[in-house]
Amino acid sequence: MTQYLLQISLAGLAQGSLYALTALGLVVIYNASTVVNFAHGAMGMAATYVAYVLISQLHVPVPLAFVGAIAAAFILGAVVQALLLERLNGAPILTQVVVTLGLFMFLEGVLGLAFGYNPRPMAPPIAIAPVTVAGLVLRPQDIVQLALLVALGVALAALFGATKLGLGMRAITENTYAARLMGIPVGRVLGTAWGLGVLLAAVAAILAAPTTSVTPNMMDTIVVYGFIAAILGGFGSLVGAVVGGLILGVIVNMIDAFLAPELAMSIVFGLLVLVLYVRPDGLFGRKAVQKV
Amino acid sequence: MLKLDHVHVHYGRVQVLRGVSLEIPDGSVVALLGANGAGKSTMLKAISGILRPSRGTIIFDGEDISRLDSSAIVRRGVIHCPEGRQVFPGLTVRENLLLGSYVRGNPRVQFDRVIDIFEALGPRLGQLAGTLSGGEQQMLAIGRALMGEPRLLLLDEPSLGLAPLIVEYIFKVISKFHEHDISVLLVEQNATLALEFADWAYALSHGQIRFSQAADELRDSDLVRSAYLG
(Lines give C-alpha, C1' and ligand atoms only; values in the text may rest on other atoms or scores of the structure.)
Protein backbone atom coordinates (compact mmCIF):
# COMPACT_ATOMS: atom_id res chain seq x y z
CA MET A 1 0.00 0.00 0.00
CA THR A 2 2.76 2.45 0.92
CA GLN A 3 4.48 1.51 -2.30
CA TYR A 4 1.30 2.26 -4.22
CA LEU A 5 0.85 5.61 -2.44
CA LEU A 6 4.43 6.57 -3.19
CA GLN A 7 3.99 5.62 -6.81
CA ILE A 8 0.87 7.75 -7.14
CA SER A 9 2.52 10.67 -5.36
CA LEU A 10 5.52 10.46 -7.65
CA ALA A 11 3.34 10.52 -10.75
CA GLY A 12 1.41 13.35 -9.09
CA LEU A 13 4.56 15.38 -8.58
CA ALA A 14 5.46 14.90 -12.23
CA GLN A 15 2.00 16.01 -13.33
CA GLY A 16 2.15 18.83 -10.77
CA SER A 17 5.38 20.11 -12.27
CA LEU A 18 3.37 21.03 -15.39
CA TYR A 19 0.89 22.96 -13.24
CA ALA A 20 3.82 24.57 -11.44
CA LEU A 21 5.51 25.65 -14.69
CA THR A 22 2.22 27.10 -15.93
CA ALA A 23 1.67 28.86 -12.62
CA LEU A 24 5.21 30.27 -12.62
CA GLY A 25 4.57 31.85 -16.02
CA LEU A 26 1.30 33.36 -14.81
CA VAL A 27 3.02 34.78 -11.75
CA VAL A 28 5.95 36.27 -13.69
CA ILE A 29 3.51 38.07 -16.01
CA TYR A 30 1.22 39.12 -13.19
CA ASN A 31 4.06 40.41 -11.01
CA ALA A 32 5.44 42.63 -13.73
CA SER A 33 2.29 43.90 -15.39
CA THR A 34 -0.51 43.12 -12.87
CA VAL A 35 -2.40 41.51 -15.77
CA VAL A 36 -3.89 38.05 -15.28
CA ASN A 37 -3.14 36.40 -18.59
CA PHE A 38 -6.15 34.30 -19.57
CA ALA A 39 -4.50 33.52 -22.90
CA HIS A 40 -1.64 31.84 -21.06
CA GLY A 41 -2.51 28.24 -21.91
CA ALA A 42 -3.45 29.11 -25.47
CA MET A 43 -0.12 30.87 -25.99
CA GLY A 44 1.73 27.78 -24.73
CA MET A 45 -0.46 25.68 -27.04
CA ALA A 46 0.42 27.89 -30.02
CA ALA A 47 4.11 27.36 -29.30
CA THR A 48 3.50 23.60 -29.20
CA TYR A 49 2.08 23.81 -32.72
CA VAL A 50 5.33 25.47 -33.75
CA ALA A 51 7.20 22.46 -32.36
CA TYR A 52 4.71 20.11 -34.05
CA VAL A 53 5.10 21.74 -37.48
CA LEU A 54 8.88 21.85 -37.13
CA ILE A 55 9.10 18.17 -36.19
CA SER A 56 6.45 16.43 -38.28
CA GLN A 57 6.28 18.65 -41.35
CA LEU A 58 9.71 20.24 -41.65
CA HIS A 59 11.59 17.30 -40.10
CA VAL A 60 13.73 19.49 -37.89
CA PRO A 61 15.59 17.50 -35.19
CA VAL A 62 13.50 17.32 -32.02
CA PRO A 63 15.78 19.28 -29.64
CA LEU A 64 16.17 22.04 -32.23
CA ALA A 65 12.39 22.12 -32.77
CA PHE A 66 11.85 22.57 -29.02
CA VAL A 67 14.32 25.42 -28.92
CA GLY A 68 12.56 27.00 -31.89
CA ALA A 69 9.14 26.63 -30.25
CA ILE A 70 10.34 28.10 -27.00
CA ALA A 71 11.95 31.04 -28.80
CA ALA A 72 8.67 31.53 -30.69
CA ALA A 73 6.83 31.56 -27.34
CA PHE A 74 9.12 34.26 -25.99
CA ILE A 75 8.58 36.38 -29.08
CA LEU A 76 4.82 35.80 -28.96
CA GLY A 77 4.73 37.04 -25.36
CA ALA A 78 6.84 40.10 -26.09
CA VAL A 79 4.83 40.96 -29.20
CA VAL A 80 1.49 40.61 -27.42
CA GLN A 81 2.77 42.91 -24.69
CA ALA A 82 4.06 45.49 -27.15
CA LEU A 83 1.13 45.43 -29.59
CA LEU A 84 -1.86 44.88 -27.32
CA LEU A 85 -1.04 45.68 -23.73
CA GLU A 86 1.34 48.58 -24.18
CA ARG A 87 -1.50 50.38 -25.96
CA LEU A 88 -3.74 49.66 -22.99
CA ASN A 89 -1.31 51.07 -20.47
CA GLY A 90 -3.39 52.92 -17.93
CA ALA A 91 -6.66 51.34 -19.08
CA PRO A 92 -8.72 49.70 -16.33
CA ILE A 93 -7.26 46.32 -15.43
CA LEU A 94 -10.53 44.64 -16.42
CA THR A 95 -10.07 45.91 -19.99
CA GLN A 96 -6.62 44.37 -20.14
CA VAL A 97 -7.94 41.08 -18.77
CA VAL A 98 -10.72 41.01 -21.37
CA VAL A 99 -8.09 41.50 -24.08
CA THR A 100 -6.24 38.39 -22.87
CA LEU A 101 -9.58 36.48 -22.85
CA GLY A 102 -10.13 37.56 -26.44
CA LEU A 103 -6.63 36.47 -27.35
CA PHE A 104 -7.32 33.06 -25.77
CA MET A 105 -10.33 32.52 -28.02
CA PHE A 106 -8.56 33.98 -31.04
CA LEU A 107 -5.58 31.62 -30.72
CA GLU A 108 -7.71 28.51 -30.17
CA GLY A 109 -9.92 29.49 -33.11
CA VAL A 110 -7.10 30.28 -35.51
CA LEU A 111 -5.16 27.12 -34.72
CA GLY A 112 -8.36 25.08 -34.91
CA LEU A 113 -8.99 26.57 -38.34
CA ALA A 114 -5.48 25.87 -39.52
CA PHE A 115 -4.98 22.37 -38.11
CA GLY A 116 -8.47 21.11 -37.29
CA TYR A 117 -9.55 19.79 -33.90
CA ASN A 118 -8.33 16.22 -34.38
CA PRO A 119 -5.61 15.51 -31.83
CA ARG A 120 -2.21 15.17 -33.43
CA PRO A 121 0.33 12.88 -31.82
CA MET A 122 3.62 14.09 -30.44
CA ALA A 123 6.25 11.53 -29.47
CA PRO A 124 7.83 11.90 -26.04
CA PRO A 125 11.15 13.72 -26.34
CA ILE A 126 13.03 10.87 -24.68
CA ALA A 127 12.18 7.33 -25.69
CA ILE A 128 13.73 5.42 -22.82
CA ALA A 129 11.83 2.63 -21.11
CA PRO A 130 10.80 3.30 -17.49
CA VAL A 131 13.27 2.05 -14.89
CA THR A 132 12.44 0.46 -11.56
CA VAL A 133 14.21 1.77 -8.47
CA ALA A 134 13.41 0.19 -5.11
CA GLY A 135 10.10 -1.04 -6.43
CA LEU A 136 9.12 2.39 -7.78
CA VAL A 137 8.63 2.81 -11.49
CA LEU A 138 10.39 5.95 -12.71
CA ARG A 139 9.39 7.29 -16.10
CA PRO A 140 12.20 9.29 -17.72
CA GLN A 141 9.62 11.84 -18.89
CA ASP A 142 8.59 12.46 -15.26
CA ILE A 143 12.18 12.94 -14.17
CA VAL A 144 12.80 15.37 -17.03
CA GLN A 145 9.69 17.37 -16.05
CA LEU A 146 10.70 17.65 -12.42
CA ALA A 147 14.31 18.47 -13.30
CA LEU A 148 13.19 21.20 -15.70
CA LEU A 149 10.91 22.66 -13.04
CA VAL A 150 13.78 22.78 -10.57
CA ALA A 151 16.19 24.26 -13.12
CA LEU A 152 13.77 26.92 -14.35
CA GLY A 153 12.68 27.72 -10.79
CA VAL A 154 16.28 28.28 -9.72
CA ALA A 155 16.95 30.33 -12.86
CA LEU A 156 13.94 32.55 -12.12
CA ALA A 157 14.99 33.00 -8.51
CA ALA A 158 18.44 34.05 -9.71
CA LEU A 159 16.93 36.39 -12.28
CA PHE A 160 14.80 38.20 -9.72
CA GLY A 161 17.30 38.05 -6.89
CA ALA A 162 20.61 38.75 -8.55
CA THR A 163 20.23 40.51 -11.89
CA LYS A 164 19.60 44.08 -12.91
CA LEU A 165 16.77 42.99 -15.23
CA GLY A 166 15.06 41.15 -12.37
CA LEU A 167 15.48 44.10 -10.03
CA GLY A 168 14.02 46.32 -12.75
CA MET A 169 10.97 44.05 -13.02
CA ARG A 170 10.43 44.18 -9.28
CA ALA A 171 10.78 47.96 -9.35
CA ILE A 172 8.09 48.22 -12.04
CA THR A 173 5.83 46.06 -9.89
CA GLU A 174 6.44 48.27 -6.87
CA ASN A 175 6.07 51.65 -8.55
CA THR A 176 5.94 52.01 -12.33
CA TYR A 177 6.20 55.80 -12.23
CA ALA A 178 9.36 55.75 -10.13
CA ALA A 179 10.76 52.97 -12.33
CA ARG A 180 10.43 55.26 -15.35
CA LEU A 181 12.16 58.04 -13.41
CA MET A 182 15.10 55.67 -12.83
CA GLY A 183 15.42 55.38 -16.61
CA ILE A 184 14.22 51.76 -16.67
CA PRO A 185 12.89 51.10 -20.19
CA VAL A 186 9.55 49.96 -18.82
CA GLY A 187 8.07 48.75 -22.11
CA ARG A 188 11.08 46.62 -22.94
CA VAL A 189 11.31 45.12 -19.44
CA LEU A 190 7.58 44.29 -19.43
CA GLY A 191 7.96 42.72 -22.88
CA THR A 192 10.76 40.55 -21.50
CA ALA A 193 8.60 39.52 -18.54
CA TRP A 194 5.76 38.55 -20.87
CA GLY A 195 8.19 36.67 -23.09
CA LEU A 196 9.52 34.73 -20.10
CA GLY A 197 6.03 34.00 -18.79
CA VAL A 198 4.81 32.63 -22.10
CA LEU A 199 8.06 30.69 -22.48
CA LEU A 200 7.22 28.89 -19.22
CA ALA A 201 3.71 28.12 -20.52
CA ALA A 202 5.28 26.72 -23.69
CA VAL A 203 7.63 24.46 -21.73
CA ALA A 204 4.63 23.09 -19.82
CA ALA A 205 2.61 22.62 -23.00
CA ILE A 206 5.42 20.89 -24.89
CA LEU A 207 6.03 18.58 -21.94
CA ALA A 208 2.31 17.83 -21.75
CA ALA A 209 1.91 17.22 -25.49
CA PRO A 210 2.89 13.51 -25.55
CA THR A 211 0.04 12.78 -23.08
CA THR A 212 -2.56 15.32 -24.18
CA SER A 213 -1.70 15.20 -27.90
CA VAL A 214 -1.51 18.45 -29.82
CA THR A 215 -4.96 20.04 -30.05
CA PRO A 216 -6.17 23.64 -29.80
CA ASN A 217 -7.60 22.96 -26.34
CA MET A 218 -4.74 20.78 -25.06
CA MET A 219 -3.89 23.29 -22.29
CA ASP A 220 -7.42 24.06 -21.13
CA THR A 221 -7.34 21.77 -18.10
CA ILE A 222 -3.68 22.32 -17.28
CA VAL A 223 -4.00 26.10 -17.31
CA VAL A 224 -6.98 25.97 -14.95
CA TYR A 225 -4.87 23.89 -12.56
CA GLY A 226 -2.05 26.38 -13.18
CA PHE A 227 -4.33 29.20 -12.07
CA ILE A 228 -5.40 27.25 -9.00
CA ALA A 229 -1.76 26.46 -8.17
CA ALA A 230 -0.82 30.14 -8.47
CA ILE A 231 -3.75 31.22 -6.27
CA LEU A 232 -3.02 28.45 -3.78
CA GLY A 233 0.57 29.72 -3.52
CA GLY A 234 -0.62 33.30 -3.10
CA PHE A 235 -0.69 34.79 -6.61
CA GLY A 236 2.65 36.60 -6.87
CA SER A 237 4.95 34.19 -5.04
CA LEU A 238 7.30 32.07 -7.17
CA VAL A 239 7.86 29.53 -4.40
CA GLY A 240 4.11 29.46 -3.85
CA ALA A 241 3.48 28.68 -7.51
CA VAL A 242 5.90 25.75 -7.42
CA VAL A 243 4.66 24.33 -4.13
CA GLY A 244 1.03 24.94 -5.12
CA GLY A 245 1.53 23.16 -8.43
CA LEU A 246 3.23 20.14 -6.88
CA ILE A 247 0.65 19.75 -4.10
CA LEU A 248 -2.12 20.06 -6.64
CA GLY A 249 -0.57 17.41 -8.86
CA VAL A 250 -0.43 14.92 -6.00
CA ILE A 251 -3.98 15.70 -4.88
CA VAL A 252 -5.38 15.36 -8.39
CA ASN A 253 -3.57 12.07 -8.90
CA MET A 254 -4.91 10.74 -5.59
CA ILE A 255 -8.46 11.66 -6.56
CA ASP A 256 -7.98 9.99 -9.94
CA ALA A 257 -6.70 6.83 -8.32
CA PHE A 258 -9.01 6.47 -5.30
CA LEU A 259 -12.19 8.30 -6.26
CA ALA A 260 -13.00 9.25 -9.83
CA PRO A 261 -11.20 11.50 -12.31
CA GLU A 262 -14.50 13.31 -12.99
CA LEU A 263 -14.49 14.56 -9.42
CA ALA A 264 -10.99 16.04 -9.54
CA MET A 265 -11.85 19.57 -10.61
CA SER A 266 -14.76 19.99 -8.17
CA ILE A 267 -12.84 18.63 -5.20
CA VAL A 268 -9.83 20.80 -6.03
CA PHE A 269 -11.98 23.92 -6.22
CA GLY A 270 -13.58 22.93 -2.91
CA LEU A 271 -10.14 22.61 -1.33
CA LEU A 272 -9.09 25.95 -2.80
CA VAL A 273 -12.08 27.68 -1.23
CA LEU A 274 -11.21 26.03 2.07
CA VAL A 275 -7.57 27.14 1.93
CA LEU A 276 -8.50 30.70 0.99
CA TYR A 277 -11.07 30.73 3.81
CA VAL A 278 -8.29 30.04 6.31
CA ARG A 279 -5.53 31.96 4.50
CA PRO A 280 -7.00 34.60 2.16
CA ASP A 281 -3.54 35.42 0.76
CA GLY A 282 -2.74 31.83 -0.15
CA LEU A 283 0.01 29.68 1.32
CA PHE A 284 2.94 31.98 0.50
CA GLY A 285 1.19 35.24 -0.31
CA ARG A 286 2.43 38.46 1.14
CA LYS A 287 -0.23 40.10 3.23
CA ALA A 288 -1.72 42.88 1.19
CA VAL A 289 -0.71 45.93 3.20
CA GLN A 290 -2.52 49.10 2.37
CA LYS A 291 -0.93 52.31 3.50
CA VAL A 292 -2.98 55.44 3.81
CA MET B 1 22.58 73.92 -19.64
CA LEU B 2 18.81 73.54 -19.86
CA LYS B 3 16.51 75.76 -21.84
CA LEU B 4 12.74 75.50 -22.20
CA ASP B 5 11.35 77.40 -25.15
CA HIS B 6 7.59 78.03 -25.28
CA VAL B 7 6.70 74.62 -23.90
CA HIS B 8 3.03 73.59 -23.96
CA VAL B 9 1.82 70.52 -22.10
CA HIS B 10 -1.66 69.00 -22.15
CA TYR B 11 -3.18 66.40 -19.86
CA GLY B 12 -5.69 64.95 -22.27
CA ARG B 13 -7.63 68.03 -23.34
CA VAL B 14 -6.66 70.17 -20.38
CA GLN B 15 -3.75 72.48 -21.03
CA VAL B 16 -1.46 72.73 -18.01
CA LEU B 17 1.57 74.59 -19.38
CA ARG B 18 0.97 77.48 -21.76
CA GLY B 19 4.17 78.43 -23.50
CA VAL B 20 6.69 78.27 -20.66
CA SER B 21 10.24 79.47 -21.27
CA LEU B 22 12.94 79.04 -18.69
CA GLU B 23 16.68 78.73 -18.47
CA ILE B 24 19.00 76.99 -16.02
CA PRO B 25 22.63 78.10 -16.27
CA ASP B 26 25.44 75.62 -15.59
CA GLY B 27 26.05 74.95 -11.91
CA SER B 28 23.15 77.01 -10.63
CA VAL B 29 20.19 76.39 -8.38
CA VAL B 30 16.98 77.69 -9.91
CA ALA B 31 13.81 77.80 -7.85
CA LEU B 32 10.39 77.34 -9.38
CA LEU B 33 7.70 78.97 -7.25
CA GLY B 34 3.95 78.98 -7.53
CA ALA B 35 0.72 77.90 -5.93
CA ASN B 36 -0.68 74.38 -5.99
CA GLY B 37 -1.87 73.47 -9.47
CA ALA B 38 0.25 76.12 -11.15
CA GLY B 39 1.97 73.46 -13.25
CA LYS B 40 5.30 73.10 -11.42
CA SER B 41 5.32 69.30 -11.22
CA THR B 42 4.01 69.12 -14.77
CA MET B 43 7.02 71.11 -15.91
CA LEU B 44 9.39 68.68 -14.20
CA LYS B 45 7.55 65.73 -15.77
CA ALA B 46 7.86 67.33 -19.19
CA ILE B 47 11.60 67.80 -18.73
CA SER B 48 12.17 64.23 -17.53
CA GLY B 49 10.15 62.73 -20.37
CA ILE B 50 7.24 61.43 -18.31
CA LEU B 51 4.95 63.81 -20.23
CA ARG B 52 5.48 64.83 -23.82
CA PRO B 53 5.12 68.53 -24.65
CA SER B 54 2.52 69.25 -27.29
CA ARG B 55 4.57 72.22 -28.51
CA GLY B 56 7.92 73.86 -27.79
CA THR B 57 11.44 72.60 -27.29
CA ILE B 58 13.49 71.50 -24.28
CA ILE B 59 17.17 71.92 -25.01
CA PHE B 60 19.70 70.16 -22.79
CA ASP B 61 23.37 70.73 -23.66
CA GLY B 62 22.41 71.92 -27.12
CA GLU B 63 20.20 68.90 -27.86
CA ASP B 64 16.41 68.90 -28.06
CA ILE B 65 15.31 66.27 -25.54
CA SER B 66 11.58 67.02 -25.69
CA ARG B 67 10.83 64.00 -27.88
CA LEU B 68 13.12 61.51 -26.10
CA ASP B 69 11.77 58.88 -23.72
CA SER B 70 12.55 59.04 -20.01
CA SER B 71 15.21 56.34 -20.25
CA ALA B 72 17.23 58.34 -22.81
CA ILE B 73 16.84 61.52 -20.77
CA VAL B 74 18.07 59.84 -17.58
CA ARG B 75 21.06 58.54 -19.50
CA ARG B 76 21.95 62.14 -20.42
CA GLY B 77 22.12 63.01 -16.73
CA VAL B 78 18.76 64.71 -16.18
CA ILE B 79 17.37 63.08 -13.05
CA HIS B 80 13.94 63.76 -11.58
CA CYS B 81 13.47 63.29 -7.83
CA PRO B 82 9.68 63.28 -7.58
CA GLU B 83 7.22 64.78 -5.15
CA GLY B 84 6.15 62.39 -2.41
CA ARG B 85 9.52 60.59 -2.56
CA GLN B 86 8.17 57.58 -4.50
CA VAL B 87 10.64 55.09 -3.07
CA PHE B 88 10.09 51.39 -3.83
CA PRO B 89 8.57 50.45 -0.46
CA GLY B 90 8.90 46.67 -0.77
CA LEU B 91 12.55 46.76 -1.87
CA THR B 92 15.51 47.27 0.41
CA VAL B 93 17.35 50.57 0.77
CA ARG B 94 20.28 49.03 -1.10
CA GLU B 95 18.04 47.88 -3.97
CA ASN B 96 16.43 51.32 -4.14
CA LEU B 97 19.85 52.94 -4.46
CA LEU B 98 21.03 50.44 -7.07
CA LEU B 99 17.92 51.12 -9.12
CA GLY B 100 18.97 54.75 -9.23
CA SER B 101 21.97 53.72 -11.30
CA TYR B 102 19.98 51.41 -13.60
CA VAL B 103 21.27 53.15 -16.74
CA ARG B 104 24.86 53.43 -15.44
CA GLY B 105 27.60 50.85 -15.53
CA ASN B 106 29.35 50.13 -12.26
CA PRO B 107 27.49 51.72 -9.34
CA ARG B 108 30.15 50.94 -6.71
CA VAL B 109 31.89 54.32 -6.51
CA GLN B 110 28.71 56.35 -6.62
CA PHE B 111 27.13 54.05 -4.02
CA ASP B 112 29.91 54.76 -1.53
CA ARG B 113 29.67 58.47 -2.26
CA VAL B 114 25.92 58.54 -1.59
CA ILE B 115 26.28 56.61 1.66
CA ASP B 116 28.95 59.11 2.59
CA ILE B 117 26.55 62.00 2.02
CA PHE B 118 23.56 60.38 3.73
CA GLU B 119 25.21 58.56 6.61
CA ALA B 120 21.83 57.74 8.11
CA LEU B 121 21.18 55.30 5.25
CA GLY B 122 24.34 53.27 5.95
CA PRO B 123 22.97 51.10 8.76
CA ARG B 124 19.65 50.69 6.99
CA LEU B 125 20.80 49.19 3.69
CA GLY B 126 19.10 45.86 4.28
CA GLN B 127 15.86 47.36 5.53
CA LEU B 128 12.73 47.72 3.36
CA ALA B 129 12.37 51.30 2.17
CA GLY B 130 8.73 51.35 3.26
CA THR B 131 9.81 51.01 6.88
CA LEU B 132 11.94 54.18 6.87
CA SER B 133 10.81 57.44 8.44
CA GLY B 134 9.71 60.28 6.19
CA GLY B 135 13.05 62.06 6.50
CA GLU B 136 15.01 58.90 5.75
CA GLN B 137 12.80 58.23 2.75
CA GLN B 138 13.52 61.71 1.43
CA MET B 139 17.25 61.11 1.89
CA LEU B 140 16.83 57.81 0.07
CA ALA B 141 14.94 59.50 -2.77
CA ILE B 142 17.66 62.11 -3.20
CA GLY B 143 20.41 59.51 -2.76
CA ARG B 144 18.74 57.33 -5.35
CA ALA B 145 18.63 60.29 -7.74
CA LEU B 146 22.33 60.94 -7.11
CA MET B 147 23.04 57.31 -8.03
CA GLY B 148 22.07 58.27 -11.57
CA GLU B 149 25.05 60.65 -11.66
CA PRO B 150 22.94 63.70 -12.43
CA ARG B 151 24.19 66.80 -14.17
CA LEU B 152 20.80 68.39 -13.68
CA LEU B 153 18.66 67.39 -10.73
CA LEU B 154 14.93 68.15 -10.76
CA LEU B 155 13.87 68.27 -7.12
CA ASP B 156 10.15 68.34 -6.38
CA GLU B 157 9.13 69.48 -2.88
CA PRO B 158 12.01 67.96 -0.91
CA SER B 159 10.88 69.57 2.35
CA LEU B 160 7.26 68.48 2.23
CA GLY B 161 6.05 67.06 5.53
CA LEU B 162 9.47 66.87 7.17
CA ALA B 163 10.70 68.09 10.54
CA PRO B 164 12.67 71.39 10.44
CA LEU B 165 15.93 69.75 11.50
CA ILE B 166 15.79 67.26 8.65
CA VAL B 167 14.81 69.97 6.18
CA GLU B 168 17.87 71.95 7.26
CA TYR B 169 20.07 68.88 6.81
CA ILE B 170 18.71 68.09 3.36
CA PHE B 171 19.12 71.66 2.16
CA LYS B 172 22.67 71.70 3.42
CA VAL B 173 23.31 68.75 1.14
CA ILE B 174 21.57 70.45 -1.78
CA SER B 175 23.64 73.59 -1.30
CA LYS B 176 26.79 71.54 -1.93
CA PHE B 177 25.65 70.11 -5.25
CA HIS B 178 27.30 72.87 -7.28
CA GLU B 179 30.68 71.65 -6.02
CA HIS B 180 29.95 68.44 -7.91
CA ASP B 181 28.78 70.28 -11.05
CA ILE B 182 25.17 69.40 -10.40
CA SER B 183 22.65 72.04 -11.40
CA VAL B 184 19.31 72.03 -9.62
CA LEU B 185 15.78 72.95 -10.58
CA LEU B 186 14.02 73.20 -7.24
CA VAL B 187 10.26 73.16 -6.80
CA GLU B 188 9.47 74.17 -3.27
CA GLN B 189 6.33 75.11 -1.41
CA ASN B 190 8.37 76.93 1.17
CA ALA B 191 9.40 79.95 -0.91
CA THR B 192 11.48 81.61 1.81
CA LEU B 193 13.53 78.45 2.12
CA ALA B 194 13.87 78.04 -1.64
CA LEU B 195 15.03 81.62 -2.15
CA GLU B 196 17.66 81.21 0.51
CA PHE B 197 19.39 78.52 -1.53
CA ALA B 198 18.52 79.49 -5.10
CA ASP B 199 20.46 81.77 -7.44
CA TRP B 200 17.50 82.58 -9.60
CA ALA B 201 13.75 82.12 -9.30
CA TYR B 202 10.80 81.79 -11.64
CA ALA B 203 7.20 82.21 -10.57
CA LEU B 204 4.62 80.10 -12.31
CA SER B 205 0.88 80.59 -12.18
CA HIS B 206 -1.85 79.07 -14.33
CA GLY B 207 0.72 77.45 -16.56
CA GLN B 208 2.63 80.61 -17.42
CA ILE B 209 5.79 82.21 -16.12
CA ARG B 210 4.77 85.44 -14.37
CA PHE B 211 8.25 86.76 -13.68
CA SER B 212 11.81 85.71 -13.11
CA GLN B 213 14.38 87.41 -10.96
CA ALA B 214 17.59 86.90 -9.02
CA ALA B 215 16.70 85.13 -5.80
CA ASP B 216 18.32 87.66 -3.47
CA GLU B 217 16.38 90.55 -5.00
CA LEU B 218 13.20 88.55 -4.70
CA ARG B 219 13.83 87.83 -1.02
CA ASP B 220 13.65 91.53 -0.22
CA SER B 221 10.77 92.43 -2.47
CA ASP B 222 7.63 93.00 -0.43
CA LEU B 223 5.40 93.21 -3.45
CA VAL B 224 6.40 89.80 -4.70
CA ARG B 225 6.22 88.37 -1.24
CA SER B 226 2.65 89.47 -0.77
CA ALA B 227 1.57 88.53 -4.27
CA TYR B 228 3.16 85.14 -4.73
CA LEU B 229 4.93 83.86 -1.70
CA GLY B 230 2.45 84.42 1.10
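Here is how names work: the chains are called A, B, and so on, in the same order as the sequence lines, proteins then strands, and each is numbered from 1.
- The greatest number of non-hydrogen atom pairs below 4.5 Å with chain A, out of B/V74, B/D69, B/N96, is found for B/V74.
- Residue with the most contacts toward chain A among B/P82, B/G100, B/S48, B/S101: B/P82 (heavy-atom pairs, distance under 4.5 Å).
- Using cut-offs of 30° and 60° for the angle between ring planes, the A/Y19 and A/Y225 rings count as tilted.
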In residues 110-120 of chain B, what donor-acceptor pairs under 3.5 Å come from side-chain atoms, sequence neighbours left out?
from   : atom 1 : to     : atom 2 : distance (Å)
B/Q110 : OE1    : B/R113 : NH1    : 3.2
B/Q110 : NE2    : B/L146 : O      : 2.8

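- Only the backbone of B/R104 comes within contact range of chain A, with at least one heavy atom under 4.5 Å from a heavy atom of that chain.
- Remark: A/F106 CZ is loosely packed, at most 12 non-hydrogen atoms of other residues, nucleotides or ligands lying under 6.0 Å away.
- Checking B/T57 against B/D64 by side-chain atom types alone, no donor-acceptor pair falls below 3.5 Å.
- When each of B/L98, B/L91, B/I73 is scored by its heavy-atom pairs under 4.5 Å with chain A, the top score falls to B/L91.
- A salt bridge between B/D61 and B/R151 is present, with a side-chain N of the basic residue lying under 4.0 Å from a carboxylate O of the acidic one.
- Residue with the most contacts toward chain A among B/R75, B/M147, B/R85, B/H80: B/H80 (heavy-atom pairs, distance under 4.5 Å).
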